[in-house]
Amino acid sequence: MFVINTMAAALAALGRHGTIAVALSIFAGMLVPGLAPALKPWLGETIIVLLTLAFLRVDLAALRILARRPALVILAAAWVMIFTPLLLAGLFGAANLRASQPDLYFILILQICAPSLMSSPAMAALIGVDVALTLASLLLCTALTPFTATVFTHFLLGNALIEPFGFGLKLLLIVAGSALAGAVIRRIVGNRHIERQREAIDGLSVLGMFVFAAAAMDGVAAHFMAAPAFVLGITALTFALALGMMAATTLLFLPAGRHRAFAIGILAGNRNMGLMMTAVGFAVPDLAWLYFGLAQFPIYLMPMLLKPLARRFAENR
C-alpha cells in the first residue's frame, strides 16, 4: 500500500507540474542520444493510452453543455472540423504546395483535418478560459473526425496516398475504442475514485506525453545539423499555422465573449496530429515526419507563452 500511495503521490506531483515536464520532453528527445528512436515504436500505443486517459476524465456533466449551449458548441466544432480545413486547403492550393512540396502538403492536410488535442481542456484550465465549452466542443470535434477527415483526405490527397475507407475505419476504431475503454474503466472504478485521482491520472498523461513528444523528435536534431536554416523555416511555419488559426478563430468568435473566443481558438490552433499519424501507420515521407516533430514545439510551448495573454482576455471579457 505504501508503494502504491507513493507512486500515486509522485504521479499527482507530476500532473501538477505537467506544463514544464512536457515542454522539457521535446528537448530530451533531441538531446538524449538514442531516446527518440527507442520510444518511436511505441508511438501508436502511447496515443491510444493518451486518448483513453483523456476520455477517462470525461463525465456526463461535460456533455450537458451540449444541451445548454448547443448552438455555440456546434458552431465551434463546424468551424474547427469543416470550415477551417476548407479555407486552409484553399490557401495551400493557391500556394501550389501540392505540386511544389507534395510531402509537406501531405502532412499539412493531415494536420488541418485532425481534431483538437485531447489536452485542450487542460490547456484552457491552465490559462483560465472556458473549460466546459472547450471540453464539449472537443468531444464533438473528435466524434466528427472519422467522417470529416475521411472526406477531406479523399478529395485533397486522393486514393493513391490514403485509402479512404480503411483510413476512416481506423480513425473510428481508435476514437470509439478509446472512448469505450475510458467509460468501462470509469464504470468499474467509480466516479468518486476517478475524481479523487484526477492529479494522478494527469501524471500518467504527462508520462504519455513525454513518450510521445520525445519519440516525435526522432531525426530532428540530425536534420537541424544538416540544414539549420531549413529546419528553422519549417519550425516558423508550424508556429505561424498554429498561431494563425488560433488568432483568426478568436477574432471570429469575439461576439461570444473574449474568454469563450479564446477557448475556441485553442481548439483550432492545437490539432491532434498523432491521431492522424496513427491512422496512417506512421508511414509518411521524411519531410512529413520532420514537420510532425517540429509541430510539437508550438503545441508544448504555447501554454506557457500564451498564459499572460489569455488572462488578459479573461479579465476583460
Side-chain angles (χ1 to χ4, degrees), residues 7 10-54 56 107 110-111 114-120 122-123 126 174 178 199-228 230-232 234-239 241-242 269-305:
M7 291 179 62
L11 287 171
L14 186 61
R16 288 193 295 270
H17 300 89
T19 304
I20 297 175
V22 296
L24 291 175
S25 65
I26 300 175
F27 300 100
M30 289 193 300
L31 300 177
V32 178
L35 180 62
L39 295 176
K40 186 176 178 180
W42 300 97
L43 260 176
E45 291 83 355
T46 300
I47 290 166
I48 292 172
V49 169
L50 285 170
L51 279 173
T52 301
L53 290 171
L56 183 61
I107 193 65
L110 287 188
Q111 180 183 17
S116 308
L117 282 173
M118 294 300 288
S119 60
S120 296
M123 190 184 302
L126 175 68
I174 293 169
S178 300
E199 289 186 340
I201 295 171
D202 287 343
L204 286 173
S205 295
V206 170
L207 287 177
M209 292 172 73
F210 179 92
V211 172
F212 173 82
M217 292 300 108
D218 185 34
V220 171
H223 276 287
F224 181 77
M225 295 299 292
F230 178 74
V231 171
L232 290 175
I234 296 296
T235 304
L237 175 62
T238 66
F239 273 94
L241 193 56
N270 294 276
R271 302 292 182 130
N272 193 348
M273 296 176 67
L275 174 61
M276 308 295 280
M277 294 285 277
T278 303
V280 298
F282 297 94
V284 298
D286 188 54
L287 176 56
W289 178 268
L290 175 64
Y291 182 92
F292 169 65
L294 294 173
Q296 306 313 311
F297 279 92
I299 290 173
Y300 283 86
L301 297 180
M302 274 200 301
M304 291 186 293
L305 299 175

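Expressed to the nearest 0.5 Å, how far CD of Q111 lies from CG of N270 amounts to 9.5 Å. The CE atom of M209 lies 12.0 Å from the OG1 atom of T46; values are rounded to the nearest 0.5 Å. With rounding to the nearest 0.5 Å, the separation of NE2 in H223 from CG in L287 is 8.0 Å. Here I234 contributes atom CD1 and F239 contributes atom CZ; the two are 13.5 Å apart, rounded to the nearest 0.5 Å.
Across A114 and M273, no two heavy atoms sit closer than the pair CB-N, 4.2 Å. In terms of heavy-atom proximity, T235 sits nearest to L294 at OG1-CD2, 3.5 Å. Between L275 and I174, the closest heavy-atom pair is CD1-CG2, 3.5 Å. Smallest separation of non-hydrogen atoms from L43 and F292: CD1-CE2, 4.5 Å. Minimum interatomic distance between A214 and L39 (heavy atoms only, all atoms of both residues): CB-CD1, 3.8 Å.
Pairs passing the salt bridge (Lys or Arg N to Asp or Glu O under 4.0 Å) check and including a residue from residues 214-223, sequence neighbours excluded, read K40-D218.
When side chains are defined from C-beta on, Y291 counts as touching L241, because their heavy atoms get closer than 4.5 Å. At least one side-chain heavy atom of I107 sits under 4.5 Å from a side-chain heavy atom of M277.
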task = Please test F230 against L290 for side-chain contact (heavy atoms from CB on, under 4.5 Å), starting from the C-alpha separation and ending with a verdict.
result = CA-CA 11 Å; F230 178 74; L290 175 64; 4.0 Å; yes
task = Quick one: do L51 and N272 satisfy side-chain contact (heavy atoms from CB on, under 4.5 Å)? Show the steps, please.
result = CA-CA 10 Å; L51 279 173; N272 193 348; 4.1 Å; yes
